[in-house]
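Questions regarding the structure given below will be posed in turn.
Letters go in sequence order (proteins before strands), and every chain restarts at 1.
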Number of protein chains: 4
Amino acid sequence: MARLSREESRVRTREMLLASAARAFARAGYSGASVDDIAEDAGFSKGAFYSNFASKEAIFLALLEVRKQSEIMAVRAMIAEVDSDKLMETLTTWLDALHGDRDFALLAAELELQARRSESLAAGYEALQKRFSDELVAFIAVVFERLELTPPAPIKDIADTFIAISNGSALAAGHQNQHAGRSMRLFLDMLIKASATRAR
Amino acid sequence: MARLSREESRVRTREMLLASAARAFARAGYSGASVDDIAEDAGFSKGAFYSNFASKEAIFLALLEVRKQSEIMAVRAMIAEVDSDKLMETLTTWLDALHGDRDFALLAAELELQARRSESLAAGYEALQKRFSDELVAFIAVVFERLELTPPAPIKDIADTFIAISNGSALAAGHQNQHAGRSMRLFLDMLIKASATRAR
Amino acid sequence: MARLSREESRVRTREMLLASAARAFARAGYSGASVDDIAEDAGFSKGAFYSNFASKEAIFLALLEVRKQSEIMAVRAMIAEVDSDKLMETLTTWLDALHGDRDFALLAAELELQARRSESLAAGYEALQKRFSDELVAFIAVVFERLELTPPAPIKDIADTFIAISNGSALAAGHQNQHAGRSMRLFLDMLIKASATRAR
Amino acid sequence: MARLSREESRVRTREMLLASAARAFARAGYSGASVDDIAEDAGFSKGAFYSNFASKEAIFLALLEVRKQSEIMAVRAMIAEVDSDKLMETLTTWLDALHGDRDFALLAAELELQARRSESLAAGYEALQKRFSDELVAFIAVVFERLELTPPAPIKDIADTFIAISNGSALAAGHQNQHAGRSMRLFLDMLIKASATRAR
DNA sequence: GATGAATGAGGGTTCATTCAT
DNA sequence: GATGAATGAACCCTCATTCAT
């Protein structure tokens with residue numbers, strides 16, 4: 001059985017704490033979640049927490065980074081495989097993933113809100129958000145290109161609306177989550193209908 | 001100088017506390033805002049707070065009610081004055097109001113999030129949200145009627161998307177808020193373009 | 001219908017507050033009972049309370065006085081009607097009264113305890129307790145005289161034991177109060193058996 | 001100098017808090033004593049208190065347990081060494097111990113009262129009290145056996161009276177405590193005089 | 001690196017008391 | 001005399017963080 005090296009073990013602890021923090025922040029919000037909750041839920045002591053993260057804010061920012069990073073990677077992956085056949089299918093899969101995990105959605109909203117509140121968080125957040133936004137703009141541009149459609153508005157606005165609906169749906173989704181994602185699909189449908197076929 | 005009567009004074013205190021609470025919750029979130037903050041910011045002691053509201057949760061719910069109520073009244077007012085000439089203008093005014101007050105928007109988002117977390121809040125919240133949603137659905141139906149257009153999707157979905165964009169934009173709006181509301185207008189434009197003209 | 005004079009009305013309010021305080025102190029103890037509880041339970045406002053009593057401590061002391069006074073009067077009444085025929089019957093009635101009211105008993109214990117804690121209460125209490133003790137000693141002396149028995153110990157000790165059992169039973173009486181008073185009767189029986197018939 | 005291990009240190013803190021709580025509750029009663037008082041008097045912070053006891057009620061109950069336990073052990077010890085020569089001497093020593101510590105006595109009374117008021121305390125209390133009572137009944141039975149006397153009343157009643165006098169004396173004992181314990185001895189004397197010598 | 005006892009600031013809430021009405 | 005809004009000190013408890021083990 002492969003023994004974990006010290007480094008591997010440290011990484012593993014870190015990841016378990018991050019996962020636990022994601023759950024805790026989603027459930028109770030940044031202020032409402034306690035370091036103790038997070039540590040215990042991950043199966044560690046408070047001490048272990050502070051050996052891995054300098055503060056509660058630090059783990060929050062780390063989480064923010066992990067999440068935004070993975071969102072960026074997801075979009076980038078979609079760009080790579082854009083082709084007329086599987087595009088809508090890929091999109092649908094992505095949207096389902098985005099809205100399927102209720103905790104994920106609530107966490108996203110909490111991240112946004114909290115980043116807006118704390119100056120120290122805002123700094124780190126802004127940069128990440130910019131990168132994600134840029135990536136999304138690029139993706140949308142590629143899609144319109146491929147579909148040979150002319151966007152009905154500046155792509156930045158479309159991307160912003162996309163993000164707004166995503167976050168907004170997360171907030172609005174009550175206990176019965178069944179129609180989360182409908183808003184997004186309605187928006188997509190209309191977007192395509194509203195786009196002018198490009199002259200050749 | 002008109003001296004305030006006992007009752008007037010009480011009402012005034014209550015309102016100042018509500019205003020202060022709105023600021024505090026917007027700034028720091030539900031958990032992050034302290035009763036002490038709220039009371040002091042309103043110029044009162046903690047004791048005064050508790051002789052006006054039974055608990056922190058109570059003032060939060062009271063705030064929720066006030067806000068939702070005024071949103072409902074706004075929509076209702078719009079229904080009353082719907083006519084083809086001033087409709088878009090009225091809508092624009094409303095949207096600007098909705099997004100013009102940054103604190104209001106953040107508060108709205110916080111209200112949604114918190115209501116989703118606390119069972120005791122959720123109870124009170126759900127009812128209010130239902131009433132607002134119903135009102136919005138009625139409004140949208142009237143508008144389509146007046147414009148003699150057929151909606152491209154169930155009106156409930158349209159209303160939900162409307163709300164999602166509103167909340168989502170509030171979250172996404174960074175320090176520079178200038179283009180908040182663009183998403184909403186984009187959505188509205190596309191909505192009209194996507195609607196079929198009704199057969200007469 | 002006779003209107004209450006201002007003075008009568010004041011006395012009535014005072015008495016209702018005293019009765020309410022007795023219930024509250026018995027139920028929750030001195031610290032545990034709040035002025036608001038007491039006032040509201042009596043059907044008045046806090047202001048009315050403070051118009052009648054200078055402080056929480058003041059009403060407690062007033063209560064102490066009323067109770068001790070009535071205990072003294074009860075003993076004095078028994079002395080007056082001591083005669084060989086009805087003596088034991090009278091005693092029994094008194095004891096039943098003492099233990100029949102659970103609240104009364106708990107209040108008595110609380111009074112004792114609290115008087116022992118607060119210096120300001122102790123002053124007023126000590127005097128009252130002395131008067132009651134003296135009265136009880138006189139009563140016991142008369143009874144032994146009448147029964148032509150010689151007490152088996154200094155009468156003061158007998159009186160003290162009497163009081164100790166009374167207070168102790170109140171404390172010990174659990175929810176099932178049926179055998180409160182047994183201790184007292186056991187003590188009385190033994191007391192008589194242990195007394196030497198006086199030589200004539 | 002022996003350094004304290006982690007565990008030893010924890011136990012020591014706990015014990016110091018318990019001792020401090022005993023003083024505080026005796027002095028000010030359950031409601032009157034504050035967690036802050038208790039912690040500071042023991043030389044710790046409030047936080048230390050709460051990492052040793054879950055709540056104020058918890059330390060109260062823990063105290064109750066310690067005290068009742070030691071009372072039980074004391075009675076059990078007496079049963080073990082009952083023999084005609086040293087019995088009365090042992091009893092006397094015990095009674096002196098019971099009444100010698102004024103705080104102990106007041107605490108006992110407070111424990112009884114408070115247990116009667118709080119449902120959550122009552123649960124834990126009742127069990128302990130039952131065990132003590134049973135032990136005392138057993139002890140008294142053994143003593144009568146040894147002395148070859150027939151008790152003049154059900155042993156349970158005798159035990160109850162015993163307890164009542166003990167608690168009652170604690171309450172009645174003023175600042176001058178010199179004659180506490182007299183009641184108890186008077187009761188014992190009479191008890192023996194009132195017992196019938198058993199037929200052989 | 002991990003532990004958890006301890007700190008100390010603060011959070012929500014209660015409450016005796018005051019005082020303008 | 002009665003009212004109850006307001007005060008402000010405590011109270012019970014939580015929690016981010018530190019540090020000796």
*For A:S55 and A:Y50, work out which heavy atoms get closest and say how close.*
CA-CE2, 4.1 Å
*Is any side-chain N or O of B:T13 closer than 4.0 Å to OP1 or OP2 of F:dA6?*
yes
*Between C:R23 and C:E110, is there a side-chain N and carboxylate O pair less than 4.0 Å apart?*
no
*Can you see which heavy atom on B:A115 is nearest to which on B:L121, and at what distance?*
CA-CB, 4.1 Å
*asked:* Here's a test for you: under side chain to side chain contact (heavy atoms under 4.5 Å, CB included), which of C:L63, C:D37, C:L64 qualifies with C:F25?
replied: C:L63
*For C:L17 and F:dA2, give me the distance from atom CG to atom P, rounded to whole Å.*
9 Å
*What's the CG-C1' distance between A:D37 and F:dA16, to the nearest Å?*
12 Å
*If every non-hydrogen atom of C:S45 is compared with every non-hydrogen atom of C:A39, which pair is closest and at what distance?*
O-CB, 3.5 Å
*What parts of residues 44-59 of chain D reach DNA chain F, counting only heavy atoms under 4.0 Å away?*
D:K46, D:Y50, D:S55, D:K56
*State the dot-bracket string of DNA chain E. Criteria: Watson-Crick or G-U wobble, both atom distances under 3.5 angstrom; notation: ( ) intrastrand, [ ] crossing earlier pairs, | interstrand, . unpaired.*
.||||||||||||||||||||
*Of all heavy-atom pairs between B:F49 and B:L17, which one has the smallest distance, and what is that distance?*
CA-CD1, 3.9 Å
*asked:* Under 3.5 Å, is there a donor on one side chain and an acceptor on the other for D:E57 and D:Y30?
replied: no
_Nucleotide of E:dA6, F:dC12, E:dG12 approaching D:V35 most closely (side-chain heavy atoms)_ = F:dC12
*Looking across every strand, which nucleic acid part, if any, lies under 4.0 Å from D:A39 by heavy atom: base, sugar-phosphate, or nothing?*
nothing
*Do B:Q129 and B:E112 have side chains that get closer than 4.5 Å, going by heavy atoms?*
yes
*By nearest nucleotide on DNA chain F, pick out whichever of A:G32 and D:G32 is the more 5' one.*
D:G32
*Would you mind reading off the distance between B:E40 atom CD and E:dG10 atom P, rounded to a whole angstrom?*
12 Å
*Can you tell me how far C1' of E:dA5 sits from CD of D:E8, to the nearest Å?*
15 Å
*Starting at CD1 of A:I38 and ending at P of F:dT14, how long is that distance when rounded to a whole Å?*
17 Å
*Between B:R14 (CZ) and F:dG4 (P), how many Å, whole number?*
17 Å
_In the structure I gave you, are the side-chain heavy atoms of C:L113 and C:R117 within less than 4.5 Å of one another anywhere?_
yes
*asked:* Between B:D36 and D:R10, which residue's closest nucleotide on DNA chain E lies nearer the 5′ terminus?
replied: D:R10
